[in-house]
Amino acid sequence: MSLAESVRTAGSLQLRVLGAAAGGGSPQWNCRCEVCRLLWTNDPRVTPRTQSSIAASVDGENWALINCAPEVLNQIQKTPALQPSWGDRHTPIRSVLVTNADVDHIGGLLNLRESSPFRLLATPLIQDVLAQNPIFDVLNPEFVEREPIALGETFTLLEGLEARLFAVPGKTALYLEGDTVEIGGESESTVGVEFVHGDQRAYYIPGCAAMTPALASRLDGADLVLFDGTLWRDDEMIEAGVGVKTGARMGHMSMSGDDGSIAAFADLDVARRVFVHINNTNPVLIEGSKARLAAENAGWEIAFDGMELDC
Ligand code: MLT
Ligand code: MN
Ligand code: ZN
């Protein structure tokens with residue numbers, strides 16, 4: 001490695017799970033599914049989780065948020081590294097990247113409106129969605145620079161940390177669904193993130209409708225994958241009586257079953273595999289449950305708020 005390269009890749013990649021839950025969080029404000037009931041009654045087998053977001057850094061001083069949950073203020077309050085540390089106004093958050101335009105991933109942008117500079121990164125299509133929602137104009141353009149990131153392009157997420165976006169099977173955001181919804185299409189609507197740091201390969205994919213051969217070969221050999229853990233079973237929200245949609249209809253592959261993510265990863269060489277974006281109906285959230293043990297026995301970790309992943 002040249003001197004320039006070793007300087008460029010100095011520091012280790014640090015990822016922090018700020019929120020491990022899917023849209024709604026757990027417990028969800030209006031839900032009494034089995035997991036939410038346990039949470040509302042402070043059962044020790046379950047832990048509250050906020051909505052879906054992680055933070056990344058290579059020096060511990062400058063951070064990128066990947067996705068910006070409605071609870072971002074609460075997440076910053078729980079994460080000293082993300083708090084202002086000098087002067088009258090300061091933030092270590094240099095950039096915010098969003099992987100789709102779902103409310104759980106963009107809602108928190110409204111909380112970052114107090115005129116501190118940061119870069120707002122997303123595909124051109126997701127940037128258009130934000131641009132067409134005038135409420136996001138509260139992000140003062142004098143301070144917040146919106147940068148469209150093309151699929152496949154290597155870009156600087158933070159000084160010393162590059163990344164690439166790639167399309168994964170997904171769908172448009174719930175509030176943009178028209179009469180007919182394409183599910184499982186690969187477009188700028190739903191992307192995964194590849195962190196490029198020296199020879200380490202880490203991926204963050206909080207929403208994914210299916211494992212394709214191309215995605216499997218991309219992930220094979222990775223050091224770390226944070227993957228869509230929305231549902232355990234495709235019909236679990238219907239079974240629980242709290243929804244009418246399957247996971248497939250929502251653009252999420254389930255953990256279990258022949259088409260599930262646990263099976264899809266079984267033959268992949270991925271050193272560390274972690275489920276994120278976990279819906280409150282998912283029984284893996286209950287410590288000691290059959291689903292939790294099955295996921296753990298298959299080599300998966302269940303993310304929690306505050307989880308630190310260094311690679
Ligand atoms: C999802 O991941 O399916 C969405 O976050 C659903 C939602 O907007 O609540
Ligand atoms: Mn979501
Ligand atoms: Zn629930």
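Both counts, for ligands and for their atoms, begin at 1 and track the order of listing. Please read these numbers as outputs of a predicted model, since none were measured by experiment.
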S.K.: Does R16 pair with E308 as a salt bridge, N-O distance under 4.0 Å?
M.R.: yes
S.K.: Near H277, which atoms of ligand 1 are under 4.0 Å from a heavy atom of that residue?
M.R.: 2 (O)
S.K.: Tell me whether Q28 contacts the main-chain N or O of G25 through its side chain, where contact means a donor paired with an acceptor under 3.5 Å.
M.R.: no
S.K.: Identify the protein heavy atom lying closest to atom 2 (O) of ligand 1, giving its residue, its atom name and the separation to 0.1 Å.
M.R.: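 It is H252 NE2, 2.8 Å.
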S.K.: Could you walk me through whether K290 and W232 pass the side-chain contact (heavy atoms from CB on, under 4.5 Å) test, one step at a time?
M.R.: CA-CA 11 Å; K290 261 201 226 158; W232 174 251; over 6 Å; no
S.K.: Is N280 close enough to the Zn ion (ligand 3) to have an N, O or S atom under 2.8 Å?
M.R.: yes
S.K.: Is H277 close enough that one of its N/O/S atoms sits under 2.8 Å from the Mn ion (ligand 2)?
M.R.: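 True for H277.
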S.K.: From D104, does some N, O or S atom reach closer than 2.8 Å to the Mn ion (ligand 2)?
M.R.: yes
S.K.: Determine whether a donor-acceptor pair (N or O, by modelled atom type, separation under 3.5 Å) exists between the side chain of R273 and the backbone of F265.
M.R.: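 Yes; at least one donor-acceptor contact below 3.5 Å.
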S.K.: Distance to 0.1 Å, residue and atom name: give those for the protein heavy atom nearest to atom 4 (C) of ligand 1.
M.R.: D102 OD2, 3.2 Å
S.K.: Which protein non-hydrogen atom lies closest to atom 9 (O) of ligand 1, naming both residue and atom, and how far is it?
M.R.: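 Here the nearest protein heavy atom works out to G23 CA, 4.2 Å.
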S.K.: Do T281 and E236 have side-chain atoms, one donor and one acceptor, less than 3.5 Å apart?
M.R.: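 Short answer, yes.
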S.K.: Is there a side-chain contact (heavy atoms from CB on, under 4.5 Å) between V284 and M255 once you walk through the steps?
M.R.: CA-CA 10 Å; V284 299; M255 294 181 180; 3.7 Å; yes
S.K.: Under 4.0 Å from a heavy atom of D104: which atoms of ligand 1 are those, numbered in the order shown and with their elements?
M.R.: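 Numbered from 1, ligand 1 contributes 5 (O).
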S.K.: Would you call D310 and R272 a salt bridge, using N to O less than 4.0 angstrom?
M.R.: no
S.K.: Identify whether the distance between the nearest side-chain nitrogen and carboxylate oxygen of E177 and K171 falls below 4.0 Å.
M.R.: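 Yes.
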S.K.: I need the SG(C36)-the Zn ion (ligand 3)-SG(C33) angle, rounded to 10 degrees.
M.R.: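 For SG of C36 and SG of C33, the angle centred on the Zn ion (ligand 3) reads 110°.
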S.K.: Side chain or backbone of H105 under 4.0 Å from ligand 1, or both, or neither, by non-hydrogen atoms?
M.R.: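 Neither; no heavy atom under 4.0 Å.
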S.K.: Nearest to atom 7 (C) of ligand 1, what protein heavy atom do you find, and at what distance?
M.R.: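 Checked against all protein heavy atoms, atom 7 (C) of ligand 1 sits closest to L174 CD2, 4.0 Å.
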